[in-house]
Structures are given as structure tokens and as C-alpha cells.
Participant: 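One structure, as C-alpha cells, below. Some questions next.
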Amino acid sequence: MSDFKAVQRTHTCGELRASDAGKTVRLNGWLHRWRDHGGLLFVDVRDRYGLTQVVFRPDILDRETMKLAGHVRAETVIAVEGVVGLRPEGMINTEMPTGEIEVVAGKLAVLNESKTPPFEIAEETTAAEELRLRYRYLDLRRNFLKDKLILRHKVCLAIRNYLSARDFLEIETPLLMRSTPEGARDYIVPSRTARGKFYALPQSPQLLKQMLMISGFDKYFQLARCLRDEDLRADRQPEHTQIDMEMSFVTMDDIFAVIEGLMQHLFKEILGIDLVIPFPRLTYAEAMSRYGIDKPDTRYGLTITDLSDIVAGCGFKVFAEIVAAGKTVKAICAPGQAGLSRKQVGQWEETAKSAGAKGLAYILYGADGPRSSIAKFLGPEIMQQIASATAATTGDAVFIVADDKTVCEGVLGRLRIEMAREWGLADPRRFEFLWVHAFPLFEYNPEIGRFDAMHNIVTSPYAEDLALLEEGRSTPLAAVDPHHPWARVRANQYDLVLNGTEIASGGIRNHRRDIQQQILNILGIDDERAERMFGFLLEALEYGAPPHGGIAPGLDRLVAVMTGSDSIRDVIAFPKTTAAQSLMDGAPAEIDDKQLHELGLAIVDKK
RNA sequence: GGGGUUGUAGUUCAGUUUGGUUAGAACGUCUGCCUGUCACGCAGAAGGUCGCGAGUUCGAGUCUCGUCAACCCCGCCA
């Protein structure tokens with residue numbers, strides 16, 4: 001094939017129609033399937049645009065060409081020249097966009113042969129993901145993945161157009177930067193020119209986009225790669241892409257409005273779906289008490305009800321004593337589940353226990369009256385009150401947890417998700433967005449014996465909570481006490497939740513050095529260390545830093561939801577396994593001794 | 001770091017509960033036949049380190065222990 005020009009395609013495999021009949025065309029592509037009738041031979045040629053049927057006819061072609069065509073196998077790269085013909089009466093394939101025509105072959109050239117692929121390049125595959133990841137380039141030939149990457153491209157393009165039209169500037173920030181002691185474990189890159197020193201790959205461009213605000217670029221965005229060396233999940237890869245944004249002179253409402261507009265645009269433009277804006281808002285406290293989680297899936301009910309007042313002083317000692325001790329009794333109502341067997345109820349109790357509950361009480365409101373292991377202690381009146389509080393009617397089941405408020409919420413939140421999954425309560429065709437805001441700024445961490453940033457160390461406190469920062473230094477309350485002043489500081493922090501997935505996170509930042517420094521101090525970073533680690537940020541805040549804030553939607557998670565993917569691996573061209581390995585290229589891999597030597601590194605323990 | 005699921009022809013699986021003759025099926029591959037198929041059809045053939053390593057046993061795909069990998073979850077992480 002010395003002269004490819006002579007066989008180069010004139011059309012793609014997805015574009016020929018009946019109106020092209022009579023044209024002489026050339027197609028290039030992969031041989032998808034063949035149907036050899038001994039005389040007649042049909043071949044489907046595939047490229048990313050589609051499939052076109054090519055027919056090889058012995059009455060037209062010489063014996064050599066027929067023989068060659070008869071021996072071409074799956075995934076061979078071929079070039080075909082022929083005449084577009086209308087298919088005979090009754091032979092039209094209405095399943096295919098090109099189904100009205102076929103290319104009557106005149107010439108065939110093999111551009112490259114293919115080994116038998118380890119799995120079929122078919123619409124559906126049952127091949128294990130491990131195998132598909134090893135041969136990712138073959139898996140990407142399948143529409144299943146190909147279409148998702150195409151949709152991802154459209155999302156990226158629409159984001160750029162939308163934000164650019166609203167005066168946002170896309171500005172790149174470095175991948176090699178200094179390690180800062182925040183959040184996740186860093187990926188580290190050794191420096192050759194400064195031996196013994198290291199760059200870190202950014203967990204996000206957080207500080208850099210703040211520097212851009214200080215530079216005066218008041219509307220910034222970037223499709224930014226973010227790297228974190230933490231354990232993986234279906235929705236977590238070591239590198240992911242954020243639609244990173246930051247704005248100056250804005251309030252939370254301004255940022256919500258930009259994101260609501262962006263999401264509305266993306267869903268309309270790409271999926272043809274009309275989103276209703278503005279999105280509902282919940283405070284963190286409301287989300288936790290109603291759903292037991294800070295990223296609730298609001299496509300289904302099963303909300304949490306507080307029963308403490310009802311069961312205070314009731315005949316069931318366990319409940320009464322818990323309430324007397326200042327703890328809580330909470331419940332969720334599962335509609336239509338009164339028929340659960342003893343075994344099924346036991347399985348939910350196991351789930352509750354694994355989530356931290358000591359037990360799980362239940363009341364099954366059957367047609368012949370409520371059934372419950374604690375019915376005789378509660379009595380009919382209390383059970384009636386529980387029914388009306390949880391809006392349970394005949395046929396429903398109520399599950400009750402008694403413990404600390406946070407344990408109750410955590411357990412019932414978990415049960416809620418598991419039950420919705422078990423009973424298929426979440427409608428996959430619905431997209432329910434929700435803002436969660438007013439997070440606590442700090443969270444007590446018993447492991448290290450001090451407060452941690454709940455989200456981000458640069459998030460600003462509510463102005464009316466500023467006094468609590470100082471109050472926390474002299475309070476007689478223990479750090480673990482939920483009424484500790486620092487535990488009560490609310491943050492200008494907000495998350496965007498979509499169908500129970502955290503899709504974006506952001507906040508209004510500290511633009512005053514004194515407040516930022518005070519927060520770092522509370523987080524256990526003294527002035528000396530703050531200077532060393534964040535000196536550049538603190539210094540920049542002293543040169544007229546404007547009020548600013550931002551947000552960063554996760555592109556992978558967003559596209560995963562938009563394409564109905566269970567894992568973000570399906571919307572990433574070359575993802576890694578849960579052990580952060582790339583099965584295709586074998587990364588991570590050892591490097592040469594010479595490379596180690598140049599960097600001044602030695603491997604101490606290979607494990 | 002912890003819990004769970006899975007691992008048997010190229011691929012997807014059955015066989016493991018109850019250890020016992022030659023480890024099966026489908027798809028794919030190869031050969032032959034077939035002139036309107038489109039998951040073409042028909043006939044035949046080849047194809048196995050039962051993830052890996054120990055152990056128990058007369059005998060292990062099957063039982064025990066360890067180990068590796070993929071996936072899901074907790075911890076961890078935006």
C-alpha cells in the first residue's frame with residue numbers, strides 16, 4: 001500500500017444514503033462482520049461514523065478479488081472502491097441509517113491485518129472489565145464507550161461556549177506545583193535540577209485560581225485535571241477533570257445562578273431535557289436531619305422523622321432512656337413494605353448494624369394491625385402516633401433507630417439508600433439537582449485531637465459567626481462537644497447534588513489575611529508553618545485581594561450521570577483499576593537505575 | 001488498612017454443595033459447502049498450567065491455608 005492516496009476514502013461509513021446511488025465511492029474502515037454465501041459476499045465496514053454494507057459479486061469481480069474478500073477477517077483495516085447501489089426490494093435494513101444502500105465493490109485493498117481480537121467488537125459485550133481495560137483501544141471501538149466520549153466532547157464544547165459568552169476566561173495553571181498540606185495525599189514528582197526537592201501534582205488549582213482573582217481576572221474557568229493519591233471507587237479515579245471556576249465580587253447567589261444556567265444549557269443542548277431552575281436549596285443541617293446524608297438523592301422519599309417526643313417516657317425502656325439521656329429516636333417509613341418477612345427485616349437490621357446502629361426496631365402496619373417485636377412495650381396508642389408522624393398507612397413499614405443524633409441520621413441515611421436500591425425507587429430518567437449549603441466550617445477529628453476543615457481550608461466563615469473563632473479559644477466546652485463555638489461556625493460552602501451524587505463543590509473564600517491565618521491556626525497550623533506552606537497566598541491576600549468565590553463541578557461525574565453510567569471509568573478514555581493500575585500500558589512501572597540516580601533517589605523497601 | 005463478590009478453552013459460563021473414568025456448552029477461531037445476507041445458514045475440526053503456591057488424600061477443578069488480580073463497599077478522599 002505504497003500510495004494510500006489512491007484508496008483514500010471519499011465518504012465515511014455513516015453518511016451514504018439513497019440519494020448517493022450511482023456514485024463511485026471509496027470507504028476506509030474496519031471489517032465489522034461478513035456473511036459469505038459462497039458466491040455473494042456481504043461485508044459491513046465500520047468507522048466511528050457508522051456501518052455500511054459492501055457487497056462483493058462474482059458476476060462483476062475477478063476471481064482474485066473474490067478470493068481476497070473471502071479471506072478478510074474481523075477488524076482488518078480495508079479500503080473498498082465501488083458504486084453506491086440501492087438495495088433490492090425487500091432487502092432494506094431499517095435498523096441502519098445506511099440501510100437503504102450498499103456499496104457494490106469494484107476494488108478491495110487490505111490496509112492492515114488484525115489478529116483475532118480477544119473479545120468481539122459488538123454492541124453488547126459480556127467480556128470482563130479487566131480484559132476490556134487491557135485492550136482499551138479495542139473496547140473504545142464499541143459504540144457503548146465511543147458514544148459516551150462523543151457526548152463528553154459535546155459537554156466540554158458547550159461549557160466553553162457558554163462560559164466564554166459570559167466573559168469567563170479559560171486560563172491554564174501548572175501541573176507542577178508545591179505540595180500544600182490540605183485534603184488528600186499528593187502525587188509527588190521529584191526534581192532533577194533541585195535534588196531532594198519535589199513538585200506535587202495539583203489536587204485542584206484552588207490556590208492558583210485565587211491568585212488569578214487577585215490578578216484581576218474576575219471570571220475564570222478551566223477544564224482542570226485534578227490528581228489525588230487516594231483509594232479508588234466507582235466514582236473516583238486518581239485523576240479527574242473539574243470544571244474549575246472562580247469569580248470576584250460575587251455572592252453565593254451569583255455563583256448558583258451561573259451554575260444553574262450552565263446546567264440548564266448543557267441538559268437542553270445535549271440531552272434535550274428542560275431543567276427547572278433555580279434548583280432547590282437545603283442547609284446542611286436540614287439535609288442531615290431529613291436524609292441522613294449531605295448529598296441526598298431526592299428522587300424518592302423515605303425521609304427521616306424524629307420520634308423522640310413521641311417515645312419519651314413510653315413503655316419501651318430502651319427508647320425512653322435514650323431520650324432521657326438527651327439522645328434521639330428517629331425513623332423512616334417504607335411504603336408498601338409491611339409484608340416483609342422476619343428474615344428480610346433481619347437483613348435490614350444487619351445493614352443498620354454495619355452502619356453503626358446497635359439495633360433496628362420495626363413496625364409493620366399490616367391490614368390486621370401493626371406487627372412489631374416491641375408492640376407490647378409501645379402499646380397501640382404510641383404505634384398510632386408513630387404512624388401519623390411518619391405518614392405511615394396500612395401496608396407500610398417503619399424502621400426505628402435510637403442513638404446519638406449523628407448515629408441515627410447516619411444509619412437511617414444508609415438504610416434509605418440501600419432500600420431505594422433494593423426496591424428500585426430511583427427513576428433513572430429523572431435528574432434532580434439540589435444545593436446543599438451552610439456546612440460547618442470545622443469538624444472535630446478525634447484521631448488527631450483537633451478540629452479539621454470540613455471541606456476546604458480557604459472557605460470563609462459566615463460573617464455573623466466570626467466572633468465564634470475568638471470565642472473558641474477561651475471556651476470551657478470540650479472540643480468534642482457539639483456546642484463548642486468552633487463546631488458552630490458555619491462556612492460559606494456549598495455543594496451541588498445530582499441524583500445523590502456530589503456533582504460540584506465550592507465556596508466564598510477568605511480574602512482577608514487575618515481571617516485566613518486565624519483559621520489556619522485553629523486547624524493546627526501555626527504562623528511559622530503557615531508562612532512556610534501558604535506564605536505566597538497569605539502575602540498575596542495583603543495586596544488588594546478582592547472578595548471572591550467559586551465552584552468546581554466534576555466533569556466525569558456529570559457526564560457519567562448524563563450517560564447513565566454506573567462508573568466514571570466509562571466516560572474516561574483510559575481509566576485505572578481500583579488499585580490505580582493502568583492495565584493497558586502497565587503503569588505504574590519501575591524506572592531505570594539511571595533515572596533514579598539522576599534524581600538522587602533510591603528505593604528503600606520494595607515491600 | 002478492613003469486609004464482600006468473582007477467577008475453569010480466545011471469550012462468557014456450567015461443573016465445586018457430596019473429592020473418583022476422557023473437565024462440558026455457547027460464542028469466537030480454522031477447514032469445507034452455500035448467490036440477497038445483515039447476530040446469515042449447514043457440516044466438521046482444533047483449542048484447557050481449572051489465577052498462582054503450599055497442604056490434606058491412594059486420588060483435588062472440587063477440601064484446607066496462603067497469595068495475586070478485577071470489581072463493589074467501609075475507612076480514606078472533593
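This is a predicted model, so every value here is computed, not measured.
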Participant: Salt bridge between Asp231(A) and Arg236(A), side-chain N to carboxylate O under 4.0 Å?
Facilitator: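 Not counted as a salt bridge, because no side-chain N and carboxylate O are separated by less than 4.0 Å.
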
Participant: Nearest to the side chain of Arg569(A), which nucleotide is it out of C71(B), G36(B), A69(B)?
Facilitator: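 When the side chain of Arg569(A) is considered, C71(B) is the closest of C71(B), G36(B), A69(B).
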
Participant: With rounding to whole Å, what would you report as the distance between U16(B) and G24(B) at their P atoms?
Facilitator: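 One P to the other, the span is 15 Å.
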
Participant: Quick one: which of G36(B), U12(B), C71(B) gets closest to the side chain of Thr578(A)?
Facilitator: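 From the listed options, C71(B) comes nearest.
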
Participant: To the side chain of Arg233(A), which of C74(B), A70(B), C38(B) is closest?
Facilitator: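 The listed nucleotide nearest to Arg233(A)'s side chain is C74(B).
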
Participant: Got a salt bridge between Asp20(A) and Arg17(A), using NZ or NE/NH1/NH2 to carboxylate O under 4.0 Å?
Facilitator: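 Salt bridge absent between Asp20(A) and Arg17(A).
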
Participant: List the steps and the verdict of salt bridge (Lys or Arg N to Asp or Glu O under 4.0 Å) for Lys295(A) and Asp495(A).
Facilitator: CA-CA 8 Å; Lys295(A) 47 176 181 178; Asp495(A) 282 359; over 6 Å; no

Participant: With a 4.0 Å cut-off on heavy atoms, is Ala579(A) in touch with a base, just the backbone sugar-phosphate, or nothing at all?
Facilitator: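 Sugar-phosphate contact only.
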
Participant: If pairing requires Watson-Crick or G-U wobble contacts with both distances under 3.5 Å, which nucleotide is the partner of A54(B)?
Facilitator: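 Here A54(B) is engaged in a pair, and the nucleotide opposite it is U64(B).
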
Participant: Between C40(B), G10(B), C27(B), which one does the side chain of Arg33(A) approach most closely?
Facilitator: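 Given the options C40(B), G10(B), C27(B), the side chain of Arg33(A) is closest to C40(B).
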
Participant: Between G51(B) and A45(B), how far apart are the two P atoms, rounded to whole Å?
Facilitator: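 Nearest-Å result for G51(B) against A45(B) at atom P: 28 Å.
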
Participant: Which of the following nucleotides, A69(B), G75(B), G36(B), is nearest to the side chain of Pro88(A)?
Facilitator: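 The closest nucleotide is G36(B).
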
Participant: Which nucleotide wins on minimum distance to the side chain of Gln53(A), given the candidates U37(B), U35(B), A69(B)?
Facilitator: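 Of U37(B), U35(B), A69(B), U37(B) is nearest to the side chain of Gln53(A).
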
Participant: Could you please name the option among U12(B), C73(B), C72(B) that lies closest to any side-chain atom of Ser567(A)?
Facilitator: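 Selected nucleotide: C72(B).
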
Participant: Checking all strands, does Asp36(A) fall into the base, sugar-phosphate, or nothing category for heavy-atom contacts under 4.0 angstrom?
Facilitator: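 Counting heavy atoms under 4.0 Å across all strands, the contact made by Asp36(A) includes a base.
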
